[in-house]
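Here the structure comes first, spelled out in C-alpha cells, and everything after it is commentary.
Note on naming: letters A, B, ... go to the chains in the order of the sequence lines (proteins, then strands), and numbering restarts at 1 for each one. These numbers come from a predicted model, not from an experiment.
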2 protein chains.
Amino acid sequence: MTASTAVSGPKTALSADRPTYRQACGACSGCTVRRMAVCAALADDEVAEMERVMSSFTLEPNQALVEEGDPKRRVFTLTSGMLRLSLMLPDGRRQITGFLMPGDYLGLSDDEVYSQTAEAVMPSVLCGFATADMDKLMERYGRLKDRLHLMTRRALRQARESQMILGRLAPSEKVASFLLVMSARAAEHGQPESPVHLPMTRTDIADFLGLTVETVSRTFTKLKTQGLIRLPDPHSVEIVDKRLLAAVAGNVAY
Amino acid sequence: MTASTAVSGPKTALSADRPTYRQACGACSGCTVRRMAVCAALADDEVAEMERVMSSFTLEPNQALVEEGDPKRRVFTLTSGMLRLSLMLPDGRRQITGFLMPGDYLGLSDDEVYSQTAEAVMPSVLCGFATADMDKLMERYGRLKDRLHLMTRRALRQARESQMILGRLAPSEKVASFLLVMSARAAEHGQPESPVHLPMTRTDIADFLGLTVETVSRTFTKLKTQGLIRLPDPHSVEIVDKRLLAAVAGNVAY
DNA sequence: CGTATAATTGAGGCGAGTCAAATGCCGTGG
DNA sequence: CCACGGCATTTGACTCGCCTCAATTATACG
C-alpha cells in the first residue's frame with residue numbers, strides 16, 4: 001500500500017545544533033509578505049511592537065522546523081521559501097496535507113502540540129513568535145485574532161478541496177488541478193502564471209495527491225505528450241493550454 | 001471514475017415551502033448539547049440572551065439545509081440527528097467531507113457563502129442564528145469567538161486526518177478507521193461504544209471514504225467474515241475485536 | 001402485499017501500484 | 001576538467017485489486 005520513502009534524517013531547527021538568528025531589522029514595514037500574512041491586520045506602528053518579540057529562522061532543504069507531537073511553543077509566518085506539512089503512519093506512509101508559501105502561517109490547526117510535521121522544501125526564512133507572546137498580541141489587537149481565524153477558515157476550505165481531490169479525482173485530474181492551483185498561487189505572489197516553478201520532488205507531489213511517484217511521473221509525461229504542458233526541466237512546468245488543463249482537472253473550483 | 005448517485009431531489013429548508021419553527025423554549029439551559037456546543041463558552045444568563053435571537057429548524061432525511069454557494073445568512077448548532085457535509089463536481093461526483101453530530105457547528109469554514117452543502121442524514125433539529133446576530137454576540141462575548149476558533153482548529157485537524165485516510169489508506173483500513181472514529185464519537189455523546197449506529201447509507205460512507213458502494217459493502221462483509229465486527233442490521237455495527245480492528249485501521253490516531 | 005430503494009453478491013476488465021532498470025542531474029573530489 | 005557517486009526522475013513489464021456492469025436479495029414504506 002503505497003509506502004513512501006521517508007525524507008532522509010531531518011533535524012529539527014529548534015534543537016541545539018541549529019542556530020536561531022535574531023534579526024536586528026526594522027524590516028517588517030518593508031517585508032515582502034507584509035500585506036498577505038497575519039501582520040496585514042496591524043498598522044505599521046503596531047507591527048513594530050510585534051517585531052520586538054519576533055525571532056528569525058532559516059531552514060535548509062529537508063530540514064524540519066517542527067514535528068508532529070512536539071509541544072507548540074512557537075508559531076511562524078513563512079517569509080520566503082516553501083514548507084511541506086505532513087502526517088505519518090507508523091509504517092512510514094506519508095500524507096502531505098499542504099504546502100506553505102510566503103505569507104502563510106504555521107500553527108493554525110494546532111492547540112497544545114503540533115498536529116503535523118513541517119519541513120523545508122527549499123531554503124526558507126520564517127518569523128517566529130513564542131506562543132505566549134502571540135497570545136498577548138492577540139488579546140491586545142483583536143484584529144490580529146480575527147485575521148488568524150480568517151486564515152484558519154481559509155485553510156479549512158483548502159483542506160476540504162483537498163479531500164475532494166484525494167477522494168474523487170483520477171490521477172490526471174489530480175495532477176492537472178495541482179498544477180492549476182500552484183499556478184494560481186504563484187500569480188498571487190506576483191510571479192508569472194505559466195512557467196510554474198515546483199520546488200518539491202515528485203515524491204512530495206505523490207504524497208500530496210495520494211499517488212505513487214511513478215504515477216505522478218507518468219502523468220506529467222502524458223500531459224506533456226498531449227501538448228497541455230511543457231517540461232523545460234522537472235521543476236518547471238509551462239502551461240500551454242490552461243483551458244484544456246482545467247477540463248482535465250474536472251473543473252475543480254478553488 | 002466513481003460517479004456517485006446524487007441524492008434524490010433535496011429541497012432547501014430555508015426556501016418557502018419549508019417551515020421554520022421558532023421555539024418558545026427556555027430550553028437552552030437544559031439542552032443536551034449545552035456542554036459540547038459553542039454555547040458551552042457562555043454562562044446560563046448569557047445563553048439566555050443568545051436564545052432570544054435563536055430560531056429552531058427541523059429537517060427530514062435528505063433535506064438540504066444549505067447549499068454550496070448560497071449566501072451565508074445563518075449559522076447553526078446541531079442539537080439532534082446527523083448532517084452530512086459535501087462538495088460536488090460538475091459531473092455529479094460527490095465528496096462527503098464530514099458528518100455533523102449533535103453539538104457540532106455549521107458554518108466554521110464559510111465566509112460570505114457556504115462552501116459546502118449540508119443535508120440531513122436522519123431527522124434533525126438545529127438552532128439557527130442570523131450571522132449578524134452571531135457576530136454581535138461574538139463581539140460582546142469574546143469567549144464565544146474563542147470557542148468558535150477552537151472548534152475551527154479542531155475541524156481543520158479532522159480534515160487533515162481525513163486527507164491521510166483518503167490519500168494513503170487501503171479500503172479495509174479506511175472502513176476500519178471510520179468505524180473506530182464513529183464509535184469514539186458515539187462514546188463522546190454518552191452512547192455505547194460497541195453497537196455503533198450508522199444512520200448514513202453505504203453510498204454516503206463510500207463518498208466519505210473515496211470508495212464505491214460495492215467496495216464498502218464488500219469490506220463490511222470481509223470484516224464480518226474475519227470476526228472483527230457483527231452486522232445485526234446494515235445500520236448497526238457491533239465491534240467484536242477493537243484491538244484487531246485498530247490494527248486493520250493502520251493505527252490511525254484520531 | 002407490492003413497489004422503490006438500499007445492500008449485497010458475482011463476473012470481468014482495466015488501471016494504478018509494485019518491482020526493476022535505465023537515464024538524467026548535481027555536487028564532490030580527484 | 002573530468003570521474004564518480006548519490007539521488008531524482010523516467011520508463012518498462014507485470015500483477016492485483018478496485019471499479020464497472022449486472023443481477024439478486026433485503027429492507028422500508030405506502
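The CG atom of A:L211 sits 16 Å away from the C1' atom of D:dT9 (whole-angstrom rounding). Counting to the nearest Å, the P atom of D:dC18 and the CD atom of B:E173 are 10 Å from each other. Atoms NZ (A:K222) and C1' (D:dT9) sit 18 Å apart, rounded to a whole Å. Remark: C1' of D:dT10 and CG of A:L223 are 15 Å apart, rounded to the nearest angstrom. Distance CD (B:E60) to P (D:dC29): 12 Å, rounded to an integer number of Å. Here the C1' atom of nucleotide D:dC19 and the CG atom of B:L209 are 16 Å apart, to the nearest Å. The separation between B:K224 atom NZ and D:dA26 atom P is 11 Å, rounded to whole Å. Between B:D207 atom CG and D:dC19 atom P there is a gap of 11 Å when expressed in whole angstrom units.
Note that the two end axes of the helix from C:dC1-D:dG30 to C:dG30-D:dC1 enclose an angle of 40°, each drawn from 5 base pairs, rounded to 10 degrees.
Here CG of A:L179 is found 10.0 Å from CG of A:L228. Values are rounded to the nearest 0.5 Å.
Paired with A:L209 under the rule side-chain contact (heavy atoms from CB on, under 4.5 Å), one option of A:I205, A:D207, A:T212 passes, and it is A:I205.
Sorted by first and then second residue, the salt bridge (Lys or Arg N to Asp or Glu O under 4.0 Å) pairs involving residues 225-240 of chain A (not counting sequence neighbours) are A:R230-A:E238. A ring-ring contact (aromatic ring centres under 6.0 Å, His included) check over residues 221-248 of chain A, counting only residues at least two apart or in different chains, returns nothing. The list of side-chain hydrogen bond (donor to acceptor under 3.5 Å, both in side chains) pairs with a residue in residues 181-190 of chain A, not counting sequence neighbours, reads A:D104-A:R185.
For B:F99, the ring pair (Phe, Tyr, Trp, His ring centres under 6.0 Å) test picks out B:F208, with sequence neighbours left out. For B:T97, the side chain to side chain donor-acceptor pair (under 3.5 Å) criterion is met by B:Q116, not counting sequence neighbours. In terms of the side-chain contact (heavy atoms from CB on, under 4.5 Å) criterion, residue partners of B:R218 (sequence neighbours excluded) are, by chain and number, B:E214. Not counting sequence neighbours, the partners of B:A186 by the side-chain contact (heavy atoms from CB on, under 4.5 Å) test are B:Q191.
Put simply, B:T212 has a side-chain N or O that comes within less than 4.0 Å of OP1 or OP2 on D:dC19.
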What's touching nucleotides 4-8 of chain C from the protein side, N or O pairs under 3.5 Å?
{"residue": "C:dA7", "atom": "OP2", "partner": "B:R202", "partner atom": "N", "Å": "3.0"}
{"residue": "C:dT8", "atom": "OP1", "partner": "B:R202", "partner atom": "NH1", "Å": "2.9"}
{"residue": "C:dT8", "atom": "OP2", "partner": "B:R202", "partner atom": "NH1", "Å": "2.8"}
{"residue": "C:dT8", "atom": "OP2", "partner": "B:S217", "partner atom": "OG", "Å": "2.9"}
{"residue": "C:dT8", "atom": "O5'", "partner": "B:S217", "partner atom": "OG", "Å": "3.0"}

